[in-house]
Amino acid sequence: MHQTGLPARRTAHHLLMQITGEGRLMSELIAGGALAQLPNEDRARAQRLATDALRGLDRADRMLKPYLKKTPPDHVMNALRLGVIELCGGEAPHGVVNAYVEIVSRNKRTQAMKGLTNAVLRKIAAEGSDGWTKRAVPLTPGWLRQPLVAAWGREAVTGMEGAHFAGAPLDLTPKTDAIAVANATGGTVLPTGSVRLTSHGQVSALPGYAAGDWWVQDAAAAIPVKTLGDVTGLKVVDLCAAPGGKALQLAAGGADVTAVDMSERRMARVAENLTRVGLTARTVTSDAFAFSETGFDAVLLDAPCSATGTIRRHPDLPYAKDGSEFGALIDQQETMIDHALTLLKPSGRLVFCTCSLLPDEGEVQIEEALCRHPDLTIDPEALNIPGIDADWITPEGGLRLRPDYWPDLGGMDGFYVAVLRKAG
């Protein structure tokens with residue numbers, strides 16, 4: 001990147017300021033048009049740069065610490081962090097230093113710190129990538145790290161942090177033939193049947209996209225539907241269905257699917273995906289609590305949660321959030337479980353899942369649901385799925401998936417899954 005890369009760098013800096021200072025999520029900023037003014041190449045560059053900076057933020061801060069007597073204002077600190085990421089990634093020092101000095105000097109409140117920015121980044125350039133690689137894997141911010149260590153122990157959390165830092169490969173769920181999809185795309189078939197690509201270009205340009213042979217879905221996110229086994233002819237409702245991967249799995253398996261989500265925009269995407277892959281499902285735009293149709297063989301509830309299991313692909317999350325809204329989410333999950341049970345016919349099954357690493361949003365929810373509803377039982381047979389390790393099954397009979405699992409294959413998203421059966 002040379003000086004012509006300034007618009008991309010300024011946008012990356014804006015994204016970091018919004019995420020670390022205003023608590024905004026990257027997805028929200030992009031949907032709001034934060035990248036809209038940039039040409040495609042700069043758009044991708046800005047997003048990649050901000051994402052890399054968030055992944056490596058703790059390590060960048062540790063590199064900067066010896067050169068800073070005190071932490072400068074956020075505007076300067078975020079410019080320095082981006083500079084570290086670029087310099088340690090092998091970008092030409094001259095262009096990088098000039099660009100971030102320019103970003104600091106354009107702000108009236110920080111223009112006096114352009115000399116500091118210049119001096120610090122030149123020292124980082126002298127350290128280079130050696131200084132970067134010798135430092136430890138970036139730590140998760142303390143507000144999240146502490147409960148994770150309490151739940152899983154330090155060694156497991158260190159493994160998760162390694163997975164978060166590495167980022168996520170692209171996983172595809174094949175409509176029918178996993179081996180054919182792997183051969184066409186150059187991917188690998190994972191133990192649970194998803195296809196993983198470690199490198200790829202534009203998703204829509206991959207073989208089989210236009211033909212609808214597969215859809216993008218993390219391998220962990222594809223497991224909840226597998227717990228239902230053969231779904232041929234079953235009447236299933238997917239509550240909170242968007243972006244639709246699980247509804248597509250159910251439809252591909254021959255279920256009679258109703259997909260429910262409250263967001264019109266997201267529901268339109270589900271309908272688009274169904275059309276592309278040539279599958280049918282009824283789509284209903286509704287709040288999950290307002291949906292009251294009954295008599296379903298199964299309800300799939302991927303409940304709104306902290307999304308702490310998705311940090312591999314969303315490194316902004318621990319910096320945009322502080323955990324303050326998680327209590328309300330946990331209460332909502334509880335009431336959603338109770339509502340979902342009313343939609344089931346006798347002997348029907350509820351698949352409850354969350355893309356969370358916090359036991360309060362998984363194991364604890366199921367323990368408490370079993371106490372509230374004496375007629376419920378855990379379905380232990382549901383977890384007899386190819387590729388599932390027995391160590392992943394929890395004492396209450398659910399399934400705990402974590403980013404540090406499959407370390408040699410590229411990890412997986414954090415997820416919790418349990419199958420509850422209603423009395424006959």
Any side-chain hydrogen bond (donor to acceptor under 3.5 Å, both in side chains) involving residues 11-23? Give me the pairs, sequence neighbours left out, ordered by first then second residue.
Q18-R24, T20-N78
Sorted by chain and residue number, the side-chain contact (heavy atoms from CB on, under 4.5 Å) partners of E41 (sequence neighbours excluded) come out as R45
Give the C-alpha distance, both sets of side-chain angles, the deciding distance and a yes or no for side-chain contact (heavy atoms from CB on, under 4.5 Å) between L300 and L239.
CA-CA 6 Å; L300 180 66; L239 293 177; over 6 Å; no
Given side-chain contact (heavy atoms from CB on, under 4.5 Å), test L116 with L68 step by step and report yes or no.
CA-CA 9 Å; L116 170 96; L68 296 168; 4.2 Å; yes
Is there a donor-acceptor contact under 3.5 Å linking the side chains of E334 and Q365?
no
Stepwise salt bridge (Lys or Arg N to Asp or Glu O under 4.0 Å) test for E127 and R135
CA-CA 12 Å; E127 264 200 75; R135 283 175 170 81; 3.2 Å; yes
Can you list the residues that meet the side-chain contact (heavy atoms from CB on, under 4.5 Å) rule with A255, with sequence neighbours excluded?
V231, V236, L250, V257
Listed pairs under 3.5 Å, donor-acceptor, residues 70-77 side chains, sequence neighbours left out:
| from | atom 1 | to | atom 2 | distance (Å) |
| --- | --- | --- | --- | --- |
| H75 | ND1 | N107 | ND2 | 3.3 |
| H75 | NE2 | I103 | O | 3.2 |

Is any side-chain heavy atom of L64 closer than 4.5 Å to one of V120?
yes
Residue list, side-chain contact (heavy atoms from CB on, under 4.5 Å) with P243, at least two apart or on another chain
R266, R269
Can D238 and K246 be counted as an ion pair, charged N to O under 4.0 angstrom?
no
More than 12 non-hydrogen atoms from neighbouring residues, nucleotides or ligands closer than 6.0 Å to CD on E325, yes or no?
yes
Qualifying ring-ring contact (aromatic ring centres under 6.0 Å, His included) pairs with a residue from residues 298-326, counting only residues at least two apart or across chains:
W143-F326
Which pair of heavy atoms, one from A222 and one from S194, lies closest together, and at what distance?
CB-OG, 4.0 Å
Honestly, is R276 close enough over W215, meaning NZ or CZ under 6.0 Å from the six-membered ring centre and within 45° of the axis?
no
T283 side chain vs A259 backbone, donor-acceptor pair below 3.5 Å
no
Given the rule in the side-chain hydrogen bond (donor to acceptor under 3.5 Å, both in side chains) test, do S263 and D261 qualify, once you have shown the distances and angles that lead to the verdict?
CA-CA 6 Å; S263 161; D261 200 276; 4.7 Å; no
Pairing residues for K123 by the salt bridge (charged side-chain N to carboxylate O under 4.0 Å, His left out) criterion, not counting sequence neighbours:
none
Please determine whether side-chain contact (heavy atoms from CB on, under 4.5 Å) holds for the pair Q333 and C305, giving the CA-CA distance in whole Å, both sets of side-chain angles, and the decisive distance to 0.1 Å.
CA-CA 8 Å; Q333 290 153 17; C305 72; 3.5 Å; yes
Evaluate the side-chain proximity of L35 to L29: yes if any heavy-atom separation is below 4.5 Å, no if none is.
no
Sub-4.5 Å side-chain heavy-atom contact between L329 and P304
yes
So, are D413 and R312 salt-bridged, with charged N and O less than 4.0 Å apart?
yes
Please check: side-chain N/O of S286 versus main-chain N/O of A288, any donor-acceptor pairing under 3.5 Å?
no
Taking C-beta and beyond as the side chain, do M336 and L301 meet within less than 4.5 Å on heavy atoms?
yes
Please list, chain by chain and in numerical order, all residues satisfying side-chain contact (heavy atoms from CB on, under 4.5 Å) with Q202, sequence neighbours excluded.
S204, A205
Search all heavy atoms of V104 against all heavy atoms of A79 and return the closest pair with its distance.
CG2-CB, 3.8 Å
E86 and salt bridge (Lys or Arg N to Asp or Glu O under 4.0 Å): which partner among R48, R9, R81?
R9
Do the side chains of Y100 and L121 get nearer than 4.5 Å, heavy atoms only?
yes
Are side-chain heavy atoms of F296 and T258 found at a separation under 4.5 Å?
yes
Parallel, tilted or perpendicular: which one describes the rings of W406 and W392, with boundaries at 30° and 60°?
perpendicular
Over all atoms of both residues, closest heavy-atom pair of L82 and A12:
CD1-C, 4.0 Å
Should the pair R10-E102 be classified as a salt bridge under the 4.0 Å nitrogen-to-oxygen rule?
no
Under the 3.5 angstrom rule, does the side chain of R59 hit a backbone N or O of A136 as a donor-acceptor pair?
yes
First locate atom CG of L57, then atom CG of D61, and finally report the distance between them rounded to the nearest 0.5 Å.
5.0 Å
Can you pull out every side-chain hydrogen bond (donor to acceptor under 3.5 Å, both in side chains) where at least one residue sits in residues 159-177? Sequence neighbours excluded, please.
T140-E161, R145-E161, D171-R196, T173-Q217
M17 atom CE, over 12 foreign heavy atoms within 6.0 Å:
yes
Min side-chain heavy-atom separation L358-L148 under 4.5 Å
yes
Interatomic spacing from OH in Y67 to CZ in R122 - rounded to 0.5 Å:
14.0 Å
Taking the six-membered ring for Trp and the full ring for Phe, Tyr or His, determine whether the centres of Y209 and W214 are under 6.0 Å apart.
yes
So, are D297 and R349 salt-bridged, with charged N and O less than 4.0 Å apart?
no
Answer whether the closest heavy-atom distance between the side chains of L357 and P403 falls below 4.5 Å.
yes
I need the I311 CD1 to L317 CG distance, nearest 0.5 Å.
5.5 Å
Sole candidate of L341, L343, T335 that passes side chain to side chain contact (heavy atoms under 4.5 Å, CB included) when paired with H339:
L343
In this structure, CG of L383 is separated from CD1 of I378 (nearest 0.5 Å) by 8.0 Å
Rounded distance (nearest 0.5 Å) linking atom CG of L399 with atom CD1 of I393
6.5 Å
With R400 via salt bridge (charged side-chain N to carboxylate O under 4.0 Å, His left out) - residues at least two apart
E363
The salt bridge (charged side-chain N to carboxylate O under 4.0 Å, His left out) partners of R62 (sequence neighbours excluded) come to D58
side-chain hydrogen bond (donor to acceptor under 3.5 Å, both in side chains) pairs, two or more places apart, involving residues 219-231
D230-T232
Determine, step by step, whether E293 and R282 satisfy the salt bridge (Lys or Arg N to Asp or Glu O under 4.0 Å) criterion, reporting the C-alpha distance in whole Å, the side-chain angles of both residues, the deciding distance to 0.1 Å, and the verdict.
CA-CA 13 Å; E293 200 177 307; R282 179 165 67 117; 2.8 Å; yes
Output, in order, the C-alpha distance, side-chain angles, deciding distance and verdict of side-chain contact (heavy atoms from CB on, under 4.5 Å) for V195 and T188.
CA-CA 5 Å; V195 173; T188 310; over 6 Å; no
